[in-house]
Amino acid sequence: MIPAKDWIKDLVIYQVYPRSFYDSNGDGVGDLPGVLAKLDHLVDLGINALWLSPVYRSPNDDNGYDIADYQEIMEEFGTMEDWERLRDACHSHGIKVIMDLVVNHSSDEHSWFLESKSSRNNPKSDYYVWRDPVNGKEPNNWASVFGGSAWEFVPERGQYYLHLFSKKQPDLNWACPALREEVYSMMEWWVKKGVDGFRVDAISYLDKPQDFPDSPLPPQPDGYSLFGQEIAGREGTHRYIREMGTRVFEKYNVLSVGEVSVSSTQELQDYVLTERGEFDMAIPFVPPVVEIHTWSPQKLKEDTLESYQLLRKEGWWARFFSNHDKPRQVSLYGDDKDHWEVSAKMLGMLLHSLPGTPFVYQGEELGMTDVRFPSIEDYDDPDAKNRYHQMILEGASPEEALDQARLESRDNARTPMQWDDSPNEGFTTGTPWLKVNPNYKRINAAAQRQDPHSVYHCYKKLIALRKDHPALTRGELEFVDLPEQELLCLRRVAPEETLLCVNNFSKEEKALPQGLVPEGAQVLLSSYDREGGWRPGRTALRPYESALFLVK
């Protein structure tokens, strides 16, 4: 049975980061009316599911991933009526609405936390994780992901609360039954308002070891140690997710996507095997610094094949190269300089040729690139700022620290959407909340929609191909072993057809084995379509060339 919800195989999910998508009122911040105003872009592209990054009321310590009220809309983004208008418009176009849900932690401005911190006797006292001081200091040596201690002292209680992320993001206490009931009730409220699914953020840390041992990892320069994998994926966390699945996901037949922290593909399957009743699919979080230094075409092939073999009989895959936490894919995996267009197309063609549900992150369909701001002060991402300051403490020069922060910064994916070549790239008539990428004059939606050979039109064709070719949505996967490490070749095999996708991850031309592309194969798409595409008789792939063939 692959998977329990067969309809998810036909989805192409587009992620909108609302703050950076389109500003409708000139205040410099993207908003829900802005998403509605640009919905025709998504309809034309052909997507059928919209994932909204958090739009709930929030003080924005972490760009909305710190929620102050799960059932209100952030004032900067609009009103609940704006959300309802967007929902209705999406549904009228056959587009499902997927909400980002953050329930590992809330904002410290949430009413639950304000009550919980007021007294140990408050009815919501146990909604968060509180511990007494140890020898007058923090309960253990855990570091926050954003730097410093993972514990913050509250004089009203005489205790510390745990925050694995920012100190303004206190961790919810999932061991408290009343807290869990609040969460499930809130999720049901959204489903009844018309939500078709949830992407659940940072879900691997719900269950904490109650003895809170010190981390065995060496301390960072500030003296605290990251908690690491010893917290992620504990059995209690899986038990809570299964309960969530029973209470919400399966009861209402809604899509569920978990953002998970795993150290292996085997751990990933624990979240998505159909028989376990957890998520329909999962997005593994890999810190950008790890991916930057470990990624290769062969590693991609090995990881894809391993996950395919583990889940092909009862599970499903979330397929993505980009999201709001990662560098832009053409900058990370391709060549955003000499071969920008063809490598952007190649990455899209490869991703949409793999089994699973493809995710398109806003701007990916234009080939948007990483940005290089001149100063750390230009960055908004707390992770990037923490990385910069940690490196300074370790003795790096400001220039070295800034270069590393630039590589890893989540702001690479969060610069405003490049709509046209007018001032502020058509994103806003005001001052954008985050500086725009200077290359918007060359890379923008207006120009690409007019150009039949653009990255945008490549994505549009890919999405259309998925609707016409069952091998792309339900076919078996076969990798073809080739001697060149930079070549990645795969087949998708269905009873009625076989497709072949060949890809060159090199800046050099690479020879193909004789007979790999059968005589008479029909070319469905080429990353070199501007140059005439693939011609019969070719024996090599050009730099960053991708070609998709119907061979049977």
Side-chain angles (χ1 to χ4, degrees), residues 17 19-20 28-29 53 58-66 105 107-108 138 141-152 163-169 201-202 215 217-228 259 261 285-295 322-333 336-337 361 363 368-416 431-439:
Y17 194 73
R19 178 168 295 274
S20 296
V29 177
S53 287
S58 167
N60 276 316
D61 181 65
D62 188 21
N63 281 346
Y65 284 87
D66 50 319
H105 49 265
S107 166
D108 66 344
E138 296 95 342
N141 68 349
W142 290 359
S144 160
V145 169
F146 294 155
S149 173
W151 297 93
E152 186 74 9
H163 59 92
L164 297 182
F165 297 90
S166 161
K167 69 179 181 180
K168 289 187 66 64
Q169 293 171 302
D201 183 73
S215 168
L217 298 177
Q220 299 184 103
D222 60 13
Y224 299 99
S225 299
L226 289 172
F227 45 89
E259 184 204 30
S261 177
F285 176 77
V286 179
V289 65
V290 174
E291 192 158 19
I292 288 166
H293 294 295
T294 63
W295 185 87
S322 294
N323 61 40
H324 63 289
D325 282 331
K326 291 167 58 71
R328 286 286 182 179
Q329 64 187 46
V330 70
S331 298
L332 179 57
Y333 309 119
D336 63 8
K337 297 179 177 63
Y361 178 67
M368 283 178 61
T369 69
D370 283 356
V371 68
R372 289 180 62 83
F373 290 138
S375 166
I376 192 63
E377 301 305 319
D378 294 320
Y379 286 87
D380 177 79
D381 176 21
D383 250 352
K385 292 182 176 181
N386 176 53
R387 179 66 168 160
Y388 176 87
H389 293 301
Q390 291 284 358
M391 288 191 66
I392 295 293
L393 287 173
E394 292 170 2
S397 70
E399 293 76 17
E400 292 170 329
L402 180 58
D403 279 344
Q404 193 62 38
R406 284 168 172 159
L407 277 176
E408 299 175 28
S409 175
R410 297 181 297 177
D411 288 341
N412 284 313
R414 299 178 183 186
T415 55
T431 301
W433 74 276
L434 183 66
K435 288 185 177 180
V436 302
N437 193 320
N439 66 14

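Predicted, not measured: the structure shown is a model, and the values here were computed from it.
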How long is the gap from CG on Asp381 to CZ on Phe146, to the nearest 0.5 Å? 7.0 Å

Whether the Asp222 and Gln390 side chains hold a donor-acceptor pair (N or O, under 3.5 Å, no angle test) is what I'd like checked. yes

For Arg414, is there an ion pair with Asp411 - N to carboxylate O distance below 4.0 angstrom? no

Does Ser149 offer a backbone N or O that forms a donor-acceptor pair with the side chain of His163 under 3.5 Å? yes

Distance, nearest 0.5 Å, that separates CE of Met391 from CG of Leu402: 10.0 Å

Test item: Val371 and Pro438 side chains (from C-beta on) under 4.5 Å apart, heavy atoms: yes

Nearest atoms (heavy-atom pairs only) where Ser107 meets Pro59: OG-CG, 3.4 Å

Using a 4.5 Å cut-off on heavy atoms from C-beta on, say whether the side chain of Val289 contacts that of Arg387. yes

Is the distance between the ring centroids of Trp142 and Tyr224 under 6.0 Å? no

Decide whether Ser20 and Trp433 meet the rule of one side-chain donor and one side-chain acceptor closer than 3.5 Å. yes

For the backbone of Ala413 and the side chain of Tyr361, can you confirm whether one donor and one acceptor N or O come within less than 3.5 Å of each other? yes

Heavy-atom nearest pair, Leu407 first then Pro327, reads O-CG, 3.7 Å

Distance from Asp378 atom CG to Arg372 atom CZ, nearest 0.5 Å? 12.5 Å

For Asp66 and Lys168, work out which heavy atoms get closest and say how close. CB-O, 4.2 Å

As an exercise, state the distance from CG of Asn412 to OH of Tyr379, rounded to the nearest 0.5 Å. 6.0 Å

Pair Glu408, Tyr388: side-chain N/O donor-acceptor within cut-off below 3.5 Å: no

Parallel, tilted or perpendicular: ring planes of Tyr65 versus His324, cut at 30 and 60 degrees: parallel

Indicate yes or no: at least one non-hydrogen side-chain atom of Gln220 is less than 4.5 angstrom from one of Leu226. yes

For Ile376 and Ala384, the nearest pair of non-hydrogen atoms, with its separation, is CD1-O, 4.1 Å

Can you confirm whether the side chains of Thr415 and Asn437 place a donor and an acceptor under 3.5 Å from each other? no

Asn439 side chain to Thr369 side chain, donor-acceptor N/O pair below 3.5 angstrom: yes

Whether the Arg410 and Asn63 side chains hold a donor-acceptor pair (N or O, under 3.5 Å, no angle test) is what I'd like checked. no

Report the C-alpha separation of Leu164 and Phe227 in whole Å, then their side-chain angles, then the decisive distance to 0.1 Å, and conclude whether the side chain to side chain contact (heavy atoms under 4.5 Å, CB included) test is met. CA-CA 9 Å; Leu164 297 182; Phe227 45 89; 3.9 Å; yes

Side chain to side chain contact (heavy atoms under 4.5 Å, CB included) between Lys167 and Asp108, intermediate numbers included: CA-CA 8 Å; Lys167 69 179 181 180; Asp108 66 344; over 6 Å; no

Going by salt bridge (Lys or Arg N to Asp or Glu O under 4.0 Å), name the residues that satisfy it together with Lys385, two or more places apart in sequence or in a different chain. none

Verify whether one side chain among Ser166 and Asp61 offers a donor that lies under 3.5 Å from an acceptor in the other. yes

Write down the atom of Met368, the atom of Val330, and the distance for their closest heavy-atom approach. O-CG1, 3.5 Å

Start with the C-alpha distance between Asp62 and Phe165, add both sets of side-chain angles, then the distance that settles side chain to side chain contact (heavy atoms under 4.5 Å, CB included), and finish with yes or no. CA-CA 9 Å; Asp62 188 21; Phe165 297 90; 5.8 Å; no

With rounding to the nearest 0.5 Å, note down the distance linking CD1 in Ile392 to OG in Ser397. 6.5 Å

Between Asn141 and Ser215, is the side chain to side chain donor-acceptor pair (under 3.5 Å) condition met? List the steps. CA-CA 6 Å; Asn141 68 349; Ser215 168; 4.9 Å; no

Nearest heavy-atom approach of Gly363 to Arg328 is C-NH1, 3.6 Å

